[in-house]
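The structure appears below as structure tokens.
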Amino acid sequence: LLDNISLEGRVHHVVFTDHNMMNTPFKRDIVKELSEACKKQSLPFGVYYSVADWYHPTWPGDRSGKKDPKLYDMDAYEKFLNSQVEELVTKYGPVLTIWGDLPQSYGRRGASMIRRMRELQPDILVNNRCGTDGDYTILEQKKGTFNNTRPWETCITLGTSWSWRVNDDIKSLAQCIQTLLNCVGADANLLLNIGPMPTGEIEKRQVDRMKEVGAWLAKYGDSIYGTRGGPFLPGNGMVSTHKGNVVYVHVMNWEKDTLTLTPLDRKIVKSEIMTGGTVDVKQDEKEITISVPAASRQEIDTIIKLTLEDKK
């Protein structure tokens, strides 16, 4: 909404459009409130920004992209867009990421926007929907396949839509946890979307579900936070994560009584089951086998923690 002009080391704001939240009956800076709430809870603050602004007269396309780009002023729109992201970075920063969306006709022009953001905040992360490849790749409503060569994430809705719907079907706790596991096991991040009601509140069903996810993570978060996907490739209802000399095997579906995995180049010195019960692990040069009695298998996720010998 503002154009940032640097003068003697200071940033001055010039209004670029009156199409903003402060000119509605709400009359509050909700982005500022969100930013301050995240800082209070020591949470990184990221911003979604739609690169396509169908309201702006210089934008060359509607939602379907049918308008003729030659009839619109992309140079003017580039200036407008850059002013918006500059405001977000300078007024509400530090910003963890600009999560751009719907680039459509904007194309590679996003490079100038990203350069400006990095001048203002060098460590900011930008996704690949800002008109360039960015720092990480986005998938939408699907889990993707294992990839540890480039950072990526998948964005998935808790319900059936990106916005709130009356009596919407929302994912069960099992679906949420297993969606998370399929992401981290593929070396990805999960962005789980929830949508506010017209009142600005989050529906109680969604709040309760997120609290259930949080309670699960409070118990088993060590197998998720700070880990990378692998060393075993996902498959047959199983994924794995690792951190340091510890490997976590997550079994969501026991197709057989024994799970057979590819060999590791280090010896397993300790095995335990984080979710409770007993586990039997055997290792040789050809394979690793894991057996968990039926009474120790969990419906959502059975987590086997393998501690490896230190690297020589």
Side-chain angles (χ1 to χ4, degrees), residues 42-43 143-148 151-154 156 171-192 208-312:
S42 299
L43 292 173
K143 64 182 183 180
T145 57
F146 186 89
N147 183 353
N148 63 359
W152 65 284
E153 74 175 13
T154 186
I156 294 177
K171 291 178 174 60
S172 66
L173 176 62
Q175 288 175 310
C176 290
I177 297 301
Q178 291 178 357
T179 297
L180 171 63
L181 294 173
N182 283 319
C183 288
V184 296
D187 208 41
N189 183 59
L190 170 65
L191 191 161
L192 185 59
D208 291 344
R209 182 69 75 246
M210 298 303 283
K211 286 183 175 179
E212 290 174 352
V213 172
W216 188 92
L217 286 167
K219 289 183 178 180
Y220 309 119
D222 284 348
S223 68
I224 304 293
Y225 296 125
T227 65
R228 298 293 302 269
F232 308 112
L233 291 178
N236 299 323
M238 181 278 307
V239 301
S240 63
T241 56
H242 68 277
K243 177 169 48 181
N245 66 336
V246 175
V247 174
Y248 301 94
V249 180
H250 300 265
V251 186
M252 295 169 279
N253 179 28
W254 289 90
E255 295 186 349
K256 299 179 180 179
D257 289 337
T258 299
L259 179 66
T260 303
L261 302 172
T262 54
L264 293 173
D265 59 2
R266 285 194 282 166
K267 183 180 179 181
I268 299 171
V269 296
K270 184 180 180 182
S271 60
E272 55 191 303
I273 187 164
M274 289 183 67
T275 44
T278 60
V279 59
D280 180 52
V281 178
K282 293 183 173 62
Q283 178 185 29
D284 59 33
E285 294 181 355
K286 296 181 179 180
E287 63 185 19
I288 297 168
T289 59
I290 298 176
S291 299
V292 174
S296 299
R297 301 173 191 172
Q298 301 298 313
E299 181 179 358
I300 294 179
D301 179 28
T302 304
I303 309 174
I304 298 98
K305 179 180 178 181
L306 306 176
T307 303
L308 309 183
E309 65 181 355
D310 294 333
K311 287 184 177 181
K312 297 179 180 179

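Side chains are part of it too, since the values below use all heavy atoms of this structure and drop only hydrogens, waters and symmetry mates.
- Listed for the Lys243 side chain is a donor-acceptor partner under 3.5 Å among the backbone atoms of Asp222.
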- Task: Step by step, work out the side chain to side chain contact (heavy atoms under 4.5 Å, CB included) result for Val292 and Val251.
- Result: CA-CA 10 Å; Val292 174; Val251 186; over 6 Å; no
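- With rounding to the nearest 0.5 angstrom, the NZ atom of Lys305 is 5.0 Å from the CD atom of Glu272.
- Remark: side-chain polar atoms of His250 are not paired, donor with acceptor, to backbone N or O of Val239 under 3.5 angstrom.
- Judged by distance alone, with hydrogens and angles left aside, the side-chain atoms of Thr275 form a donor-acceptor pair with the main-chain N or O of Ile303 at under 3.5 Å.
- Taking a 6.0 Å sphere around CD of Glu255, one finds it holds more than 12 heavy atoms contributed by other residues, nucleotides or ligands.
- Minimum heavy-atom separation, Gly185 to Pro234: O-CG, 3.5 Å.
- Not one N or O on the side chain of Thr227 forms a donor-acceptor pair closer than 3.5 Å with the backbone of Thr241.
- Annotation: side chain of Lys171 is in contact with side chain of Ile156 (closest heavy-atom distance under 4.5 Å).
- Taking the charged nitrogens against the carboxylate oxygens, Asp257 and Arg297 do have a contact shorter than 4.0 Å, which makes a salt bridge.
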- Just do the side chain to side chain contact (heavy atoms under 4.5 Å, CB included) check on Ile224 and Tyr248 with the steps written out, would you? CA-CA 9 Å; Ile224 304 293; Tyr248 301 94; over 6 Å; no
Sequence neighbours excluded and cut-off under 3.5 Å, please list the side-chain donor-acceptor pairs for residues 284-291, or say none.
residue	atom	partner	partner atom	Å
Asp284	OD1	Lys286	N	2.8
Asp284	OD1	Glu287	N	2.8
Ser291	OG	Thr258	OG1	3.1

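- Within a 6.0 Å sphere centred on NZ of Lys219, other residues, nucleotides and ligands contribute 12 heavy atoms or fewer.
- Judged as a side-chain hydrogen bond (donor to acceptor under 3.5 Å, both in side chains), the pairs with a partner in residues 176-189 (not counting sequence neighbours) are, in order, Glu153-Asn189, Asp187-Arg228.
- For the atom pair CG of Leu306 and CD1 of Ile268, the computed distance is 4.5 Å after rounding to the nearest 0.5 Å.
- Using modelled atom types, one side-chain atom of Trp152 and one backbone atom of Asn147 make a donor-acceptor pair closer than 3.5 Å.
- To the nearest 0.5 Å, atoms CG (Leu233) and OG1 (Thr262) are separated by 7.0 Å.
- Taken to the nearest 0.5 Å, the CG atom of Asn253 stands 13.5 Å off from the CD1 atom of Ile300.
- Interatomic distance, Ser296 OG to Asp280 CG, rounded to the nearest 0.5 Å: 11.5 Å.
- Judged by distance alone, with hydrogens and angles left aside, the side-chain atoms of Asn245 form no donor-acceptor pair with the main-chain N or O of Thr307 at under 3.5 Å.
- Heavy atoms only, all atoms of each residue included: Leu190 and Leu180 are closest at CD2-CA, 3.7 Å.
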- Check against side chain to side chain contact (heavy atoms under 4.5 Å, CB included), Ile177 and Val213: CA-CA 7 Å; Ile177 297 301; Val213 172; 4.2 Å; yes
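- The backbone N or O of Gln283 lies less than 3.5 Å from no partner atom in the side chain of Lys267, so there is not a single donor-acceptor pair.
- In this structure, Leu181 CG and Tyr220 OH are separated by 12.0 Å, a value rounded to the nearest 0.5 Å.
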